[in-house]
Structures are given as C-alpha cells and as structure tokens.
> 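Can you read through this structure? Questions will come right after.
Here the structure is a predicted model, which is why all the values come from computation and not from measurement. Numbers restart at 1 for each chain; the letters A, B, ... are given by sequence-line order, proteins then strands.
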Amino acid sequence: EKKRYDREFLLGFQFIFASL
Amino acid sequence: GKLSLGEGLEKHPLENRWALWFFKNDRNRAWRDNLHLLTKFDTVEDFWALYSHIQLASKLSSGCDYALFKDGIEPMWEDCRNKHGGRWLVSLAKQQRQSNLDRLWLETLLCLVGEAFEEYSEEVCGAVVNVRTKGDKIAIWTSEAENQPAVTFIGRVFKDRLGLSPKVVIGYQAHADTATKSNSFTKNKFVV
C-alpha cells in the first residue's frame with residue numbers, strides 16, 4: 001500500500017517538533 | 001501524558017526517499033559545481049527535523065535554489081528521469097517573497113513527501129524554488145511531458161494546494177523547449 005499523508009497529518013508533526 | 005520519543009516509537013515512513021539540494025550561484029564556478037546535495041530523508045519526522053534546521057527560502061540570497069528530488073534523480077534537465085519531462089511553473093511577484101514564498105514552498109514540499117498526486121505521484125521527479133531578484137519561482141518537475149493525463153492532474157492538484165485563484169493561470173513547460181529557447185519565454189505545453 002502506498003504511503004500517502006495529507007497536509008493536516010504532516011503539519012501536525014511540525015507542531016510536535018516546534019514544541020520540543 | 002508526557003510525549004515520549006524513546007525506543008519503540010517508530011517513525012512514519014514516506015513512500016519515497018527524498019534528497020534536498022542547494023544551489024548557490026557563483027559565476028566563477030561551473031553550474032554543476034554550485035549544486036550541493038545537503039541530505040536525504042525518508043520519514044515524516046526526519047523531514048521536519050531537516051525543515052526546522054534550514055533557512056527559509058525567503059531568507060536565501062538571490063541566485064540560490066532549493067531542490068527536493070526523489071533519491072536517484074539529480075535536479076537537472078540532463079538526468080534521464082527529467083530529460084523528457086517538464087515543469088509546472090509558478091512565478092511570484094517580487095513582493096510575494098515576504099508574504100507568500102515560504103508558505104507556497106512548504107505546501108509544495110508537503111505535496112511531494114505526502115504523495116498528493118495519487119496514482120500520478122510516480123510521475124513527479126521533484127520541485128525547485130528559485131530565489132531571484134526579479135521574482136521568485138516555484139516549480140514541480142515531472143518525468144514525461146507527453147503524459148497529458150498525469151501532467152494536467154498534477155497541475156490541477158498543485159494549483160489547488162497552493163490556493164491560487166481560479167483567475168491565475170499556471171503553465172507547464174517541457175524541459176526540451178526550455179533548453180532550446182532563443183529568448184526568455186518558453187511556450188506552455190499545458191495550462192491550468
């Protein structure tokens with residue numbers, strides 16, 4: 001199965017990184 | 001609970017491994033010598049770790065580029081995966097560097113690493129942002145300019161994801177036409 005991620009999912013990880 | 005990034009927490013794999021390239025214009029050196037491979041990544045987490053540690057496109061000097069390409073494809077027309085392809089080109093006005101460039105480039109990156117182009121994602125080779133005094137540019141490169149269904153689908157999704165007005169028209173140019181042009185204008189093979 002192809003690994004596809006929508007923008008909201010990807011952006012959620014940005015905020016995790018920003019808060020560390 | 002407290003967020004743990006310890007052992008056992010697996011990263012989210014991407015469909016492709018991607019390579020980030022940086023181009024810094026030095027007229028005393030050959031074009032190829034100004035192109036540098038920065039790093040490669042293949043997980044969501046490593047994408048953000050990289051993105052968080054590099055300069056925003058809007059902070060780069062004029063003449064610089066970032067290019068994000070699938071591992072194994074060099075960001076140049078001559079690469080065998082590019083030479084029959086072309087690019088969807090978004091040209092920005094000078095004042096958009098401060099207002100829009102970083103948002104549009106990040107959106108472009110998310111389209112690539114997230115495989116936003118569905119069954120046509122395999123046609124995507126990479127994307128380039130050119131930071132230029134006369135106006136910045138963002139482009140998505142695809143591998144086959146004659147593949148109209150794929151090229152037009154990718155163009156429509158790209159335009160939609162960038163949030164461009166329906167009144168704005170973006171064009172797709174074959175690299176073969178760009179490479180042989182006799183002036184600064186390359187004809188559009190497709191528009192959306």
Side-chain angles (χ1 to χ4, degrees), chain A, chain B residues 1-6 9-18 41-54 56 68 70-71 102-124 127 140 150 153-154 157-164:
Chain A
E1 192 177 324
K2 300 279 187 188
K3 298 175 190 70
R4 296 187 181 126
Y5 302 106
D6 63 29
R7 69 185 300 279
E8 287 71 26
F9 180 87
L10 292 169
L11 285 168
F13 284 84
Q14 181 183 27
F15 300 133
I16 291 173
F17 268 82
S19 66
L20 291 177
Chain B
K2 210 172 167 186
L3 179 68
S4 168
L5 290 176
L9 202 64
E10 292 182 10
K11 294 179 180 177
H12 294 76
L14 300 175
E15 179 66 22
N16 285 285
R17 172 173 284 124
W18 297 88
F41 59 88
D42 61 4
T43 68
V44 175
E45 288 80 356
D46 289 346
F47 163 71
W48 285 117
L50 172 61
Y51 183 81
S52 305
H53 285 90
I54 58 173
L56 292 169
L68 186 75
K70 288 175 180 170
D71 187 20
D102 295 327
R103 179 181 65 81
L104 296 176
W105 176 238
L106 177 57
E107 198 65 41
T108 304
L109 297 175
L110 297 181
C111 286
L112 265 55
V113 301
E115 307 286 336
F117 305 105
E118 301 185 16
E119 68 267 34
Y120 297 118
S121 286
E122 287 181 15
E123 283 289 308
V124 172
I140 287 185
F153 183 87
I154 290 166
V157 171
F158 184 36
K159 182 178 174 180
D160 181 60
R161 286 284 298 262
L162 294 185
L164 302 180

> Show me the donor-acceptor pairs, under 3.5 Å and distance only, between side chains in residues 109-120 of chain B and residues at least two apart or in other chains.
residue	atom	partner	partner atom	Å
B:Glu115	OE2	B:Asn16	ND2	2.7

> Examine whether an atom of B:Phe47 lies under 4.5 Å from a heavy atom of chain A, and if so say whether it belongs to the side chain, the backbone or both; otherwise answer neither.
neither

> Starting at OG of B:Ser121, measure out to NZ of A:Lys2 and round the result to the nearest 0.5 Å.
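Rounded to the nearest 0.5 Å, the OG-NZ separation comes to 8.0 Å.
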
> Evaluate whether atom CD of B:Glu15 has more than 12 neighbouring non-hydrogen atoms of other residues, nucleotides or ligands under 6.0 angstrom away.
yes

> When rounded to the nearest 0.5 angstrom, what distance separates CG in A:Leu10 from CG in B:Leu14?
8.0 Å

> How many angstroms lie between NZ in A:Lys3 and OG1 in B:Thr43, if you round to the nearest 0.5 Å?
12.0 Å

